[in-house]
Amino acid sequence: MAASLLLPSPFFNNYGMSKVCLHHIQSGHFHKGLTCFSGCLPKKNSSIFMVPVRAFALCCYASRTFASVGSLDTDVAGQESHVSNSNNFQRSVTSFQHSSDKLDGMKDFERELQELFDEVKMMIMMGNQNDAIDLLQANYEAVKERMNAGVRGIEEAATVDIIALGYMAIGDLKFVNSLLDMLNEVVDSLKDDEPLLDSVLVHMGSMYSTLGKFEKSMSAYRRAIGNMENIYGKNSVFLITPILGMAKVLSSIGRTSKAVEFYHRAISLLESSRGAESEDLVIPLFGVGSLLLKEGKPVEAESPFLRIFNIYKKLYGENDGRFGLAMCSLAHVKCAVGDANEAISLYRRALQVITTSNYMALDDSIIEKMRIDLAELLHAVGRGKEGRELLEQCLMITEKYKGKEDPSSATHLINLATSHSRSKNYVEAERLLRTSLEIMGKTVGPDDQSITFPMLHLAVTLYHLKRDEEAEQLALEALHIREKAFEKDSLPVAEALDCLVSIQTRLKKDDEELLEQLKRVLSIQEKEFGPEGEEVMITLKKVVFYLDKLGRKNEIFPLQKRLSALGMKFKQRIQH
């Protein structure tokens, strides 16, 4: 019997500080995490949009749906949904009850597949990962034995699929890859009309996408779409899952136009079956809007995000937290099209709605990011005092709920220091940065590369306070830490070195030594940004300055010629 495959568990400035070094301090960029210097810290999800969606649940085999195995979230509507996050499976409303009805003998098997998946999911959610692994491994050994004996039908394929989904949820991607190879062997030999096959193919497409194997992902989705079109017709809502999956993969490999086509097809299918104001439209609208923004088309992107805004307004009203999140996403788009005042207004309304509706906790990471984004925008339009008030609010909330020595407090202290530096209040910036260094020293240690950001920031602040010797020591320390943590020709090292050169220039250090350091910076920047990068042009000017100061006129001419050519190119870029 097929059911025997599913085993029960045993239990369930002249040449002052460089633009590269000071960019984020002078331009008012604040940190959602300590990620200012490229390459220095692990970057968090960089998606700037958020929409509260009713989950397009990733189906398994039973006719009912359940939450995505990638997120194991049962209440997605109450949380930020980053649809493009590669760690989550595309959600879908697809049901496979029609498949199960074809063969009555599959019903018990489908039920047990569902129970197995639910059990593994619950174990993981409860923190019993080892139990989940034991259960998955037991079923793996059983199905492997059957396959070795030559039994390779849809039941074996469906079981391996469930096991792979379980290991995906656990995070063992290496074993998932091995399971997919095993699954492919079976699926390739199955006829297209096999019950459950479409479901298996959709899962395979999603897992291959998560593993970055986009060609295989598209192949699985393509076959699933073809099969479903033959069974249900080209206008069936059952096609939504693989169509959205295909759109996501195409987006990941840069085939934007084709991805937009798939998103529009999903929108058309949903509009015809669910209506033009269905909440299910949010995901494809979000997808196409995000792609248009990525392509530098914010005006075109505004329409889908405005539709999302209106959908939530009608469904939940203007005082619901979900409407607040949709309002925040629209604020991002308004900012992208250059309407800063409208963006600020939307941000403020969104924060008010989410807070007064108690939709999220005050210390929730999503609402915290909204405050920081609004603070950055306020600084950018010259309303630094208002922005600083929001940053102070972030710090107070973090200290209240997590304690004054929580690592996230360091981020808010650095953001506040950035704000005070913009207002030339360097004394207060110094105090805040020293406090952040104390916190980070206790949490990550004095030699961790992540501590070098506030360290260099403090060096810049001390430079402005004319305390150059102290600034030099901090810059040297940061440089040494980065040289140990990264390759010596890496961009983080160049950033620290460039900062050090600027400080040592005012300390009147040896010009020959400073020139060699700048040449080292230039070499790294050329490798990272290309020979025509703006950062390269800035460093070239510094190199020419020192060559002139040292009287090495013969070396200046080719560099001046190069600078002139770069200057013309930048003017052309600005004009266009």
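If you read the sequence from its start, that first residue is 1, and numbering goes on from there.
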One should read off an interatomic distance between E318 CD and S357 OG, to the nearest 0.5 angstrom, of 13.0 Å
Ignoring hydrogens and angles, state whether a donor on the side chain of S423 or N425 is under 3.5 Å from an acceptor on the partner side chain. no
Mind running side chain to side chain contact (heavy atoms under 4.5 Å, CB included) on Q129 and M123 for me, showing each step along the way? CA-CA 6 Å; Q129 185 164 302; M123 288 176 176; over 6 Å; no
To check you understand the geometry: which heavy-atom pair defines the closest contact between M370 and A350, and what is its length? CE-CB, 3.8 Å
Is the count of non-hydrogen atoms from other residues, nucleotides or ligands lying under 6.0 Å from E405 atom CD greater than 12? no
4.5 Å side-chain heavy-atom contact, L390 and I372: no
So which atom in R482 and which in E495 form the shortest heavy-atom distance, rounded to 0.1 Å? NH1-OE1, 3.6 Å
Between S409 and G403 the two heavy atoms that sit nearest each other are OG-O, 3.4 Å
Hey, could you give me the OH/CG distance between Y463 and D468, rounded to the nearest 0.5 Å? 7.0 Å
Donor + acceptor pair across side chains of S178, Y167 (<3.5 Å): no
When you measure from the side chain of S345 to the backbone N and O of N341, does any donor-acceptor pair fall under 3.5 Å? no
Do L518 and D498 have side chains that get closer than 4.5 Å, going by heavy atoms? yes
Applying side chain to side chain contact (heavy atoms under 4.5 Å, CB included) to E477 and I481, what does each step give before you reach the verdict? CA-CA 6 Å; E477 188 177 349; I481 292 173; 4.3 Å; yes
I need the minimum non-hydrogen distance between A132 and I170, along with the two atoms involved. CB-CD1, 4.3 Å
Counting heavy atoms not belonging to N319, are there more than 12 under 6.0 Å from its CG? no
Can you measure from CG (L522) to CD (E535) and round to the nearest 0.5 angstrom? 11.5 Å
For E516, I'd like to know if atom CD has over 12 heavy atoms of other residues, nucleotides or ligands within 6.0 Å. yes
Is there a donor-acceptor pair closer than 3.5 Å between any side-chain N or O of R520 and the backbone N or O of A494? no
Would you say E430 and T461 are linked by a side-chain donor-acceptor pair, where the criterion is simply a distance under 3.5 Å? no
Working note: R348 + E386, criterion salt bridge (charged side-chain N to carboxylate O under 4.0 Å, His left out); need CA distance, chi angles, decisive distance, verdict. CA-CA 11 Å; R348 288 199 180 281; E386 295 174 61; 2.9 Å; yes
Looking only at heavy atoms, what is the nearest atom pair of L391 and N415, with distance? CD1-O, 3.7 Å
Does a sphere of radius 6.0 Å around NZ in K385 hold more than 12 heavy atoms from other residues, nucleotides or ligands, not counting ones at 6.0 Å or beyond? no
Would you call R434 and E438 a salt bridge, taking side-chain N to carboxylate O under 4.0 Å as the test? no
May I have the step-by-step check of side chain to side chain contact (heavy atoms under 4.5 Å, CB included) for H420 and R388, ending in yes or no? CA-CA 8 Å; H420 283 288; R388 190 151 52 246; 3.5 Å; yes
E487, CD: over 12 other non-hydrogen atoms inside 6.0 angstrom: no
Measure the shortest side-chain to side-chain distance between H457 and S421 over non-hydrogen atoms and say whether it is less than 4.5 angstrom. yes
Taking side chain as C-beta onward, heavy atoms only, is I366 less than 4.5 Å from L325? yes
Is it true that, when you exclude K402 itself, more than 12 heavy atoms of the residues, nucleotides or ligands shown sit nearer than 6.0 Å to its NZ? yes
Taking atom CG of L351 and atom CG of L346, what is their separation to the nearest 0.5 Å? 11.0 Å
Using a 4.5 Å cut-off on heavy atoms from C-beta on, say whether the side chain of K466 contacts that of R506. yes
If the threshold is 4.0 Å, N to carboxylate O, is there a salt bridge linking D489 and K527? yes
Is a donor on one side and an acceptor on the other found under 3.5 Å between the side chain of D172 and the backbone of F175? yes
In terms of heavy-atom contacts, A343 and A331 come closest through CB-O, 3.4 Å
For residues V460 and L456, determine if any side-chain heavy atom of one lies less than 4.5 Å from a side-chain heavy atom of the other. no
Quick one: do K297 and E302 make a salt bridge, cutoff under 4.0 Å? no
Exercise: do E368 and H412 side chains pair donor with acceptor under 3.5 Å: yes
Are H332 and F305 near enough that their ring centres are under 6.0 Å apart? no
Atom pair SG (C394) and NZ (K369), whose distance is rounded to the nearest 0.5 Å: 11.5 Å
Measure the spacing between OG1 of T398 and CG of L413 and express it to the nearest 0.5 Å. 9.5 Å
Would E342 and R349 pass as an ion pair if we require N to O under 4.0 Å? no
Between R562 and E526, is there a side-chain N and carboxylate O pair less than 4.0 Å apart? yes
Residue pair I344 / V381, side-chain heavy-atom distance below 4.5 Å: yes
Sub-3.5 Å donor-acceptor pair from the side chain of S490 to the main-chain atoms of F486, do we have one? no
Paired with D511, the salt bridge (charged side-chain N to carboxylate O under 4.0 Å, His left out) test is passed by just one of K542, R552, K549, namely K549
Will you find, in the side chains of N177 and K213, an N or O donor that is under 3.5 Å from an N or O acceptor? yes
Please report the C-alpha distance between L566 and L540 in whole Å, then the side-chain angles of each, then the deciding distance to 0.1 Å, and finally whether the side chain to side chain contact (heavy atoms under 4.5 Å, CB included) criterion is met. CA-CA 10 Å; L566 284 173; L540 272 173; 3.8 Å; yes
Side-chain contact, heavy-atom cut-off 4.5 Å: L514 with K519? no
